[in-house]
J.: 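First the structure, which I've put down as structure tokens, then a few questions once you've had a look.
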Amino acid sequence: MRPSSSNPSEPAVRVLYWFRTDLRLHSSPALHAALALQPEVIFPVWTWDPNYVFAHRVGVNRFGFLLECMQDLSASLTALNPNTKLLVVRGAPQTVLPRLFQEWRISHIVYEIDRAGYGARRDLQVSALASQAGIKVISVVGNTLYDLKEVVELNGGKATLSLASWHAAVKKCPQPARPLPAPTTFPPLGDTSFSQAYPSLDVPIDYSTDLNNGIRNREVTCFDTFSGPKGDFGVPAIDELGLSRPTTSIRGGESEALRRLAVFCADKDRVAHFSKPQTSPAEFDPPETTLLSPFLKFGCLSVHEFFWRVRDTVASWEGGGPGKKPATKEPENLQGQLHFREMYNAAEYAEGIHFGRIYKNSVCRFIDWDLRDEFGQDGAKIIPRPLGDPRAEEWFLAWKEGRTGFPWIDAIMRQLRQEGWIHHLARHSVACFLTRGQCYISWERGAEVFDEYLLDWDPCANPGNWMWLSASAFYHMYYRVYGVQSFPKKYDKTGKLVRKFCPELSKFPDQFIYAPHLAPLEVQLSAGCVIGQDYPMPMLDDVAEKKRCMTRLKVAYALGLYGSDGAVLDGTADSLLKEGYRQALAGIKSDKKQGQKKSRTVSGGDGPSPSNLTTDVKTMATKELKHGSGSIEGFLTKKRKRD
DNA sequence: CGGCAGTTGTCCAA
DNA sequence: TTGGACAACTGCCG
């Protein structure tokens, strides 16, 4: 069992296994690597990092979900060996881990590679500190099917911006590995005592930069001690974070993830015929999708386990044959969903820290949305964000709080706040509405709200999908806009989701469930809900705003600016787009006056019109640049300089 | 360079 | 239910 201790001349193998977003025992390549060292002791450590408590937007449901995942993992470890459990150490890993290395005489630190966002930067710091302390660092890819570093290299070092380029790169990579079995034994803990008392935080909490201050109702006490209030390295309680109880009905943990996977895969027909766009965003109890994304996010579910279980299920499916519906293919099928996840991961990896915002983001189209992030002279994001256009601020808040007066939008936003999960197409509906569809508000605002509420928040998929939906990257057909009534009606004419999450509307007849303001007053009275009084009137004219958004998008596309372009960096981009929009409006007006038909084939007419907008805007942009401060390079060219 | 496909639009006619 | 018009974008493939 402990070969290293049997030979006294060899130094003991004492492993610190650093759990992060790999909260599982099954199919964990990093854990497998740790156990393969045949260590004398393993310290399974979670560093409870103030960065996530204060510098990330994390709502009560995701914190609750995480805590459940940690508890489940700890119980599973103890089930393998009564002399072990998850050790939660409170404080930043960059300061906490070097203490543990010394106090616990660690020889190896092992962890699963995290290539995204803050996690990637944190790991660079920690591995440098470990190397300085003479500790062996073993890091293993485990949360993606492919090694994204390799994929990006195969794509010429550039971000993968389409499934086509993703697939082209990936087909040269080895096939995803089969899942690894969960360990059946586990080495014990070493002595966890300390030679001295440590503070958990080196710097006092600065509540002015605490992104979660708004949702706390009491003091944060989780950093009062290094090893928890009982001194036993226990999993924190939600009230130590200053938060109240979670509201979601979704439970966390590896056991729950595997249970859900088993239930879903038991219906082989459904697995084989799964087609994402056909699943209904209006179903919640139970949903038509797997609802496994939060588990993948925290690593409670191995992506290899999921991939191969689905594959094997379809392979053993006997529903095929003559006259039978064949199994769904990528990208609509279940495996296809994993490719989107990995494509966004690879894009984030290639683009780096600018991926989550517009400014300096080379893959993100610059569009003059309202309420964008703002940056100071030093290039740092201004926190808190200065208030923008009052009407946009009002729309944003109404959207966030689910009181836009559009039942479909409001029901989804309320479901998101309550449950921490909404169907993918529901995300499309509300994201399109907030950005290119109706409100013309920056996707950064929407992403921020999702950051707070989603259980499955991810630094790659969340910004990636917001850029997709706002037609800023990955997706370009901005004229395809989801209707606030027509879209949900395709899936559910009875309005189940609305009735559940907007109970004040529950007695409206089906006919008016997605547009209750159109119901005659007597219908409203008999439903016990007067629109404008018990439920808001629509806050905007969705058809008129859609037209306005489309014109503005057209101007933005014609200019072809990206977040990393000079005009965005020096702040001249806004006035360029504003002028383009003014011209576009003038063009539309002159069209109306002259009774012209808007058609691409009609060209060479006098005066600006939508048909020759592109040329006009480009001419205008060139003039502007000659007088202005911007640089011409990369301005009129639609292609970014990505190398 | 032209043609065509792109996980997930809407509206209306047949 | 299905098909085409609407109005129209980019990236990839040949």
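Order of the sequence lines fixes the chain letters, A, B, ..., with proteins taken first and strands second; residue numbering starts at 1 for each chain.
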J.: Please identify each residue that fulfils ring pair (Phe, Tyr, Trp, His ring centres under 6.0 Å) with A:Phe307, with sequence neighbours left out.
T.: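 For A:Phe307, no residue satisfies ring pair (Phe, Tyr, Trp, His ring centres under 6.0 Å) once neighbours in sequence are set aside.
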J.: Which residues in residues 455-469 of chain A have at least one heavy atom lying under 4.0 Å from any atom of DNA chain B?
T.: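 Per residue number, the list reads A:Trp468.
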J.: For A:Tyr146 and A:Val141, run side-chain contact (heavy atoms from CB on, under 4.5 Å): C-alpha distance rounded to whole Å, both residues' side-chain angles, the deciding distance at 0.1 Å, then the answer.
T.: CA-CA 8 Å; A:Tyr146 302 95; A:Val141 172; over 6 Å; no
J.: Hey, is the side chain of A:Lys554 poking within less than 4.0 Å of OP1 or OP2 on C:dA8, counting only N and O atoms?
T.: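 For A:Lys554, the contact criterion (side-chain N or O under 4.0 Å from OP1 or OP2 of C:dA8) is met.
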J.: Tell me, please, which residues at least two apart from A:Phe284 pass ring pair (Phe, Tyr, Trp, His ring centres under 6.0 Å).
T.: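 For A:Phe284, no residue satisfies ring pair (Phe, Tyr, Trp, His ring centres under 6.0 Å) once neighbours in sequence are set aside.
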J.: Do A:Asp312 and A:Val271 make a side-chain contact, defined as non-hydrogen atoms from C-beta onward lying under 4.5 Å apart?
T.: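 Contact flag for A:Asp312/A:Val271 side chains = no.
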J.: Can you name the residues that form a side-chain hydrogen bond (donor to acceptor under 3.5 Å, both in side chains) with A:Arg499, not counting sequence neighbours?
T.: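 Counting only residues at least two positions away or on another chain, A:Arg499 forms a side-chain hydrogen bond (donor to acceptor under 3.5 Å, both in side chains) with A:Asp510.
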J.: In whole angstroms, how far is the C1' atom of B:dT8 from the CD1 atom of A:Ile412?
T.: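 Rounded to whole Å, this separation is 13 Å.
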J.: Expressed as a whole number of angstroms, how long is the span from A:Asn333:CG to B:dT8:P?
T.: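 Those two atoms, CG and P, are 15 Å apart.
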J.: By ring pair (Phe, Tyr, Trp, His ring centres under 6.0 Å), which residues pair with A:Phe295, not counting sequence neighbours?
T.: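 Residues passing ring pair (Phe, Tyr, Trp, His ring centres under 6.0 Å) with A:Phe295: A:Phe65.
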J.: Could you check how far CE of A:Met477 sits from C1' of C:dC12, rounded to whole Å?
T.: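 Taking CE of A:Met477 and C1' of C:dC12, I get 14 Å after rounding.
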J.: Rounded to the nearest Å, what distance is computed from the CG atom of residue A:Leu553 to the P atom of nucleotide C:dT10?
T.: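 Nearest whole value for this atom pair: 11 Å.
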J.: Checking side-chain hydrogen bond (donor to acceptor under 3.5 Å, both in side chains) against A:Tyr453, which of A:Gln415, A:Arg417, A:Arg57, A:Glu448 comes through?
T.: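 Exactly one pass, corresponding to A:Arg417.
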J.: Using whole Å, what does the distance between atom P of nucleotide C:dT10 and atom CD1 of A:Ile367 come to?
T.: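 From A:Ile367 CD1 to C:dT10 P: 11 Å.
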J.: Mind checking what makes ring pair (Phe, Tyr, Trp, His ring centres under 6.0 Å) contact with A:His517, not counting sequence neighbours?
T.: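 So A:His517 forms no ring pair (Phe, Tyr, Trp, His ring centres under 6.0 Å) with any residue.
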J.: Over how many whole Å does the gap from A:His476 atom NE2 to C:dT10 atom C1' extend?
T.: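 Going from A:His476 (NE2) to C:dT10 (C1'), I get 4 Å.
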J.: For DNA chain B, which residues in residues 415-440 of chain A have a heavy atom at a distance below 4.0 Å?
T.: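 Only A:His424, A:Leu425, A:His428 qualify.
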J.: Using the C1' atom on both, measure B:dG6 against C:dA8 and round to a whole Å.
T.: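 It works out to 13 Å between them.
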J.: NA contact type, A:Gln337, heavy-atom cut-off 4.0 Å: base, sugar-phosphate, or nothing?
T.: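 The residue A:Gln337 makes base contact.
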J.: Is a side-chain N or O of A:Gln438 found less than 3.5 angstrom from the main chain of A:Glu545, in a donor-acceptor match?
T.: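 No; zero donor-acceptor contacts below 3.5 Å.
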J.: Donor-acceptor pairs are to be reported for all side-chain atoms of residues 426-433 of chain A against protein atoms at under 3.5 Å, with residues two or more places apart or in another chain.
T.:
{"from": "A:Arg427", "atom 1": "NE", "to": "A:Ile422", "atom 2": "O", "distance (Å)": "2.9"}
{"from": "A:Arg427", "atom 1": "NH1", "to": "A:Asp456", "atom 2": "OD1", "distance (Å)": "3.2"}
{"from": "A:Arg427", "atom 1": "NH1", "to": "A:Asp456", "atom 2": "OD2", "distance (Å)": "3.3"}
{"from": "A:Arg427", "atom 1": "NH2", "to": "A:Ile422", "atom 2": "O", "distance (Å)": "3.0"}
{"from": "A:Arg427", "atom 1": "NH2", "to": "A:Asp456", "atom 2": "OD2", "distance (Å)": "2.8"}
{"from": "A:His428", "atom 1": "ND1", "to": "A:Tyr482", "atom 2": "OH", "distance (Å)": "2.7"}
{"from": "A:His428", "atom 1": "NE2", "to": "A:His424", "atom 2": "NE2", "distance (Å)": "3.1"}
{"from": "A:Ser429", "atom 1": "OG", "to": "A:Trp408", "atom 2": "NE1", "distance (Å)": "2.9"}
{"from": "A:Ser429", "atom 1": "OG", "to": "A:Leu425", "atom 2": "O", "distance (Å)": "3.2"}

J.: With sequence neighbours excluded, what pairs up with A:Arg357 under the salt bridge (Lys or Arg N to Asp or Glu O under 4.0 Å) test?
T.: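 Once residues adjacent in sequence are excluded, A:Arg357 has no partner under the salt bridge (Lys or Arg N to Asp or Glu O under 4.0 Å) criterion.
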J.: Taking the cut-offs as 6.0 angstrom to the six-membered ring centre and 45 degrees off its axis, would you call A:Arg436 and A:Tyr478 a cation-pi pair?
T.: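 No, cation not above the ring by the 6.0 Å, 45° rule.
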J.: Return no unless some side-chain N or O of A:Ser165 is found under 4.0 Å from OP1 or OP2 of C:dG11.
T.: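 A:Ser165 to C:dG11 OP1/OP2: no side-chain N or O under 4.0 Å.
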J.: Taking only residues two or more places apart in sequence, or in another chain, which ones meet A:Arg391 in a salt bridge (Lys or Arg N to Asp or Glu O under 4.0 Å)?
T.: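 Testing A:Arg391 for salt bridge (Lys or Arg N to Asp or Glu O under 4.0 Å), a comparison that skips the adjacent residues, returns none.
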J.: Take the protein atom NE2 of A:His167 and the nucleotide atom P of C:dC12, then report the distance between them rounded to whole Å.
T.: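 Value for this atom pair: 13 Å.
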J.: Reading 5' to 3' and counting Watson-Crick or G-U wobble pairs with both distances under 3.5 Å, write the dot-bracket notation for DNA chain B, | for bases paired outside the strand.
T.: ||||||..||||||
J.: Does the protein touch nucleotides 9-14 of chain B at the base, only the backbone, or not at all? Give it as B, S and - per nucleotide, heavy atoms under 4.0 Å.
T.: BSS---
J.: Measure from CG on A:Leu161 to P on C:dT10 and round the result to the nearest Å.
T.: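 Interatomic distance, CG of A:Leu161 to P of C:dT10: 14 Å.
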J.: Ring centres of A:Phe474 and A:Tyr344 under 6.0 Å apart?
T.: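 So the answer is yes for these two rings.
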J.: Taking atom P in both B:dC4 and C:dG4, compute the distance separating them and give it to the nearest angstrom.
T.: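 15 Å, rounded to whole Å.
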